[in-house]
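These notes concern the structure reproduced below.
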Number of protein chains: 2
Amino acid sequence: MRVKEPNSWTQIREELLRRINERVWQPGEIIPGEADLAEEFGCARTTVNRALRDLAETGLVIRKRKAGTRVAINPPHKATLTIPVIREEVEARGAAHRHVVTLREIRPLPPHLHAAFPVPPGADALYTETLHYADDRPFLFEERYTNLEAVPEIAIAPMDKISLNEWLVQNAPYTTGDMAFFAISADAGLARFFECPVGTALYVVERITWNGDLPITHVRMTYAPGYRMRTRI
Amino acid sequence: MRVKEPNSWTQIREELLRRINERVWQPGEIIPGEADLAEEFGCARTTVNRALRDLAETGLVIRKRKAGTRVAINPPHKATLTIPVIREEVEARGAAHRHVVTLREIRPLPPHLHAAFPVPPGADALYTETLHYADDRPFLFEERYTNLEAVPEIAIAPMDKISLNEWLVQNAPYTTGDMAFFAISADAGLARFFECPVGTALYVVERITWNGDLPITHVRMTYAPGYRMRTRI
DNA sequence: TAGTGGTCTAGACCACCGC
DNA sequence: CGGTGGTCTAGACCACTAG
C-alpha cells in the first residue's frame with residue numbers, strides 16, 4: 001500500500017528511483033538533465049535538483065558538471081551510525097545508567113598511539129578507565145586518553161555525576177574524527193568486569209577526535225558480550 | 001560597502017558552527033529564526049535554510065516548526081559507513097580479489113531467521129557460502145539466504161565470474177535494510193578457513209535487505225582476524 | 001491560532017570540465 | 001567554448017505545532 005508523498009521533491013525522487021530500479025535507466029547510463037526533467041515533471045529545476053542531490057548523497061547516481069548525471073554501476077551500501085552518549089544509549093534500552101571511574105591519572109601517551117594520536121612530544125595525557133552499567137549489569141568498558149593541552153579544564157571536571165564521555169561531548173567540540181570497529185578477545189581484566197570467560201569475543205569501537213589539527217581524545221569502548229550495533233539503511 | 005566574499009551556504013554554516021562551538025549560543029538555547037539570520041547575513045532565507053538543514057542532519061541543532069531551532073545538548077556522533085562490494089573493498093587495498101562458492105543449495109530458511117526475515121511459510125531460499133580472498137589470503141566468509149520468490153533469476157545467475165554479492169547489488173534493488181555489527185568467536189569451520197585458532201574473535205556484519213515488504217536477502221559476512229572497519233566523521 | 005521551519009517557483013549567474 | 005550541475009534570490013504558500 002503506497003503512502004502518498006507529502007511533497008513534490010520526494011515524489012520526484014521516488015519516480016527517479018523507480019526508473020533506476022526497473023532499469024528504465026540502465027546502470028552507467030546518463031539520465032536526462034535537470035532542465036529536461038523539470039519540464040517533464042512540470043516543476044522548477046530547483047525541485048529536480050533537490051531530488052537528484054538526495055539520490056547522489058546515497059550513492060545511487062553520480063553527478064558531474066558538464067558530464068551530466070549517471071546511474072551508479074555498483075551502488076554502495078551506505079549506513080549512518082548514530083552513536084549517542086553512553087548514558088542515553090543505556091536509557092534508550094529502558095535501563096538505568098550508572099558509571100564508575102576506576103582509574104584517573106596523568107600519564108604519557110603509550111607508544112602505540114603516537115602515530116594515530118600525535119600529541120606533542122613529552123606532553124602528558126589524562127588517562128581514565130570508566131565502567132558503565134545498565135541496571136547494574138556491566139555494559140561497557142571505556143579507556144580514554146585526553147589531550148590536556150587541548151582540554152585543560154578537564155583536570156577539574158567533575159566525573160561523579162556526569163561521565164567524562166558526556167562531559168567531553170558537551171565541552172570539547174571537534175571538527176573531525178576517525179572511527180574504527182572491530183572485535184577483540186576478552187583479557188583477564190575484561191573477563192572479570194563482564195563476568196565472562198577469558199577469550200570471549202567482544203565488540204569494540206575506537207574513536208579519535210580532533211579540533212582542527214589539535215587532537216582531543218582517543219577512546220576505546222568495549223561492549224558487553226552479545227552486544228550488537230544496529231542501524232537501518 | 002562591498003563585501004568581497006559572495007554569500008555561500010557553507011560560509012554561513014561555518015559561522016553558525018563557530019557560534020555554537022564558542023558558546024555564543026549555549027547548548028539547549030534557541031537561536032534566531034531563519035528570517036533574522038538571513039537579514040544579518042544579507043542573504044535570502046533559502047540560503048540560511050540550507051546551512052541550518054545541514055547542521056540539523058549532523059545532529060548539531062534540533063529544528064522544529066513553531067518551536068524554532070535549538071543547539072543540541074548532547075550532539076550525537078554520527079558516522080557514515082560506506083560498505084562497497086567486497087571485490088571493490090579488496091581491490092581498494094591493493095590486493096587481487098578471488099572468490100569461491102563452496103555451497104549452493106535450496107533449503108528452507110532456518111527457524112532462527114524467521115522473525116527477522118519473514119519469507120512466506122514453506123517457501124525455500126537459496127543458501128550460499130562464499131569464500132573471498134585477497135591476494136590468496138582469506139579475507140571474508142559470506143553466508144547468504146536469498147528469497148527465491150523475490151529474485152527468481154538468481155537460480156540461473158552465474159557465480160563464477162561475478163560473486164553473488166555483486167550480482168545482487170546490480171540486479172536486486174532494495175528500498176530498506178537492517179544492519180548489525182558485532183563480534184563472534186571462530187568455530188571450527190571459520191578457524192579452518194581463516195587459519196586461526198578456534199575461539200579467535202572475529203568481526204561480523206549482518207545485513208537484511210527489503211524491496212518494499214518483500215525480503216530479498218539475509219547475509220552474514222565474517223571478516224578475517226584483525227579486520228577493522230574504519231570511517232571518518 | 002499564530003509563528004516557525006519546509007518547500008516551491010522563475011529566473012539568474014557562476015564553476016567546472018568534456019569537447 | 002558551451003553545456004551541465006551548483007548555488008543564490010525574492011517572494012509565496014503550506015505544514016506543523018507550541019502555547
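Note that the coordinates shown come from a computational prediction; the quantities given were computed from them, not determined experimentally. Every chain is numbered from 1, with letters handed out A, B, ... down the list of sequences.
- For B/S8 and D/dT7, the shortest distance from a side-chain N or O to OP1 or OP2 is not below 4.0 Å.
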Distance-only donor-acceptor pairs under 3.5 Å for side chains of residues 28-39 of chain B, two or more places apart:
| from | atom 1 | to | atom 2 | distance (Å) |
| --- | --- | --- | --- | --- |
| B/E29 | OE1 | B/Q26 | N | 2.7 |
| B/E34 | OE1 | B/R45 | NH1 | 2.6 |
| B/E34 | OE2 | B/N49 | ND2 | 2.8 |
| B/E34 | OE2 | B/R63 | NH1 | 3.1 |
| B/E34 | OE2 | B/R63 | NH2 | 2.7 |

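- If you measure from atom CZ of A/F41 to atom C1' of C/dT9, you get 17 Å, rounded to the nearest angstrom.
- Here D/dA15 presents its P atom at 18 Å from CZ of B/R63, a figure rounded to the nearest Å.
- Ring geometry, B/Y145 versus B/H218: the interplanar angle exceeds 60°, so the pair is classed perpendicular (tilted spans 30 to 60°).
- Looking at residues two or more places apart in sequence or on another chain, you find a ring-ring contact (aromatic ring centres under 6.0 Å, His included) between A/Y133 and A/F193.
- Listed by chain and residue number, B/H132 satisfy the side-chain hydrogen bond (donor to acceptor under 3.5 Å, both in side chains) test with B/H97 (two or more places apart in sequence, or in another chain).
- Dashed line: the shortest gap from a side-chain N or O of B/T69 to OP1 or OP2 of C/dG5 is under 4.0 Å.
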Completion exercise
With B for base contact, S for sugar-phosphate-only contact and - for none (protein heavy atoms under 4.0 Å), nucleotides 10-19 of chain C reads BBB--BBBB-
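- A salt bridge links B/E166 with B/R87; the closest basic N to acidic carboxylate O contact falls under 4.0 Å.
- Taking A/T217 as the reference, A/R144, A/T146 meet the side-chain hydrogen bond (donor to acceptor under 3.5 Å, both in side chains) condition, with sequence neighbours excluded.
- Of the candidates D/dC8, C/dC8, C/dG6, C/dG6 carries the atom nearest the B/E34 side chain, counting heavy atoms from C-beta on.
- To the nearest angstrom, P of C/dC8 lies 11 Å from CZ of A/R13.
- Distance CG (A/D36) to P (D/dT4): 8 Å, rounded to an integer number of Å.
- Contacts of residues 48-62 of chain B with DNA chain C (heavy atom under 4.0 Å): B/N49.
- Applying the side-chain hydrogen bond (donor to acceptor under 3.5 Å, both in side chains) rule to B/N171 yields no partners; only residues at least two apart in sequence or on another chain are considered.
- For B/Y174, the ring-ring contact (aromatic ring centres under 6.0 Å, His included) partners at least two apart in sequence or on another chain are A/H77.
- In this structure, the CZ atom of A/R70 is 12 Å from the C1' atom of D/dT4, given to the nearest Å.
- Partners of A/E15 under the side-chain hydrogen bond (donor to acceptor under 3.5 Å, both in side chains) rule, at least two apart in sequence or in another chain, are A/R18, A/R19.
- The ring-ring contact (aromatic ring centres under 6.0 Å, His included) analysis of residues 11-36 of chain A, with sequence neighbours excluded, yields no pairs.
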Completion exercise
A correct dot-bracket answer for DNA chain D, with pairs being Watson-Crick or G-U at under 3.5 Å, [ ] for crossing pairs and | for inter-strand pairs, is ||||||||||||||||||.
All N/O donor-acceptor pairs, side-chain side in residues 226-233 of chain B, below 3.5 Å, sequence neighbours left out:
| from | atom 1 | to | atom 2 | distance (Å) |
| --- | --- | --- | --- | --- |
| B/Y227 | OH | B/E89 | OE2 | 2.6 |
| B/T231 | OG1 | B/T80 | O | 2.9 |
| B/R232 | NH2 | A/D178 | OD1 | 3.1 |

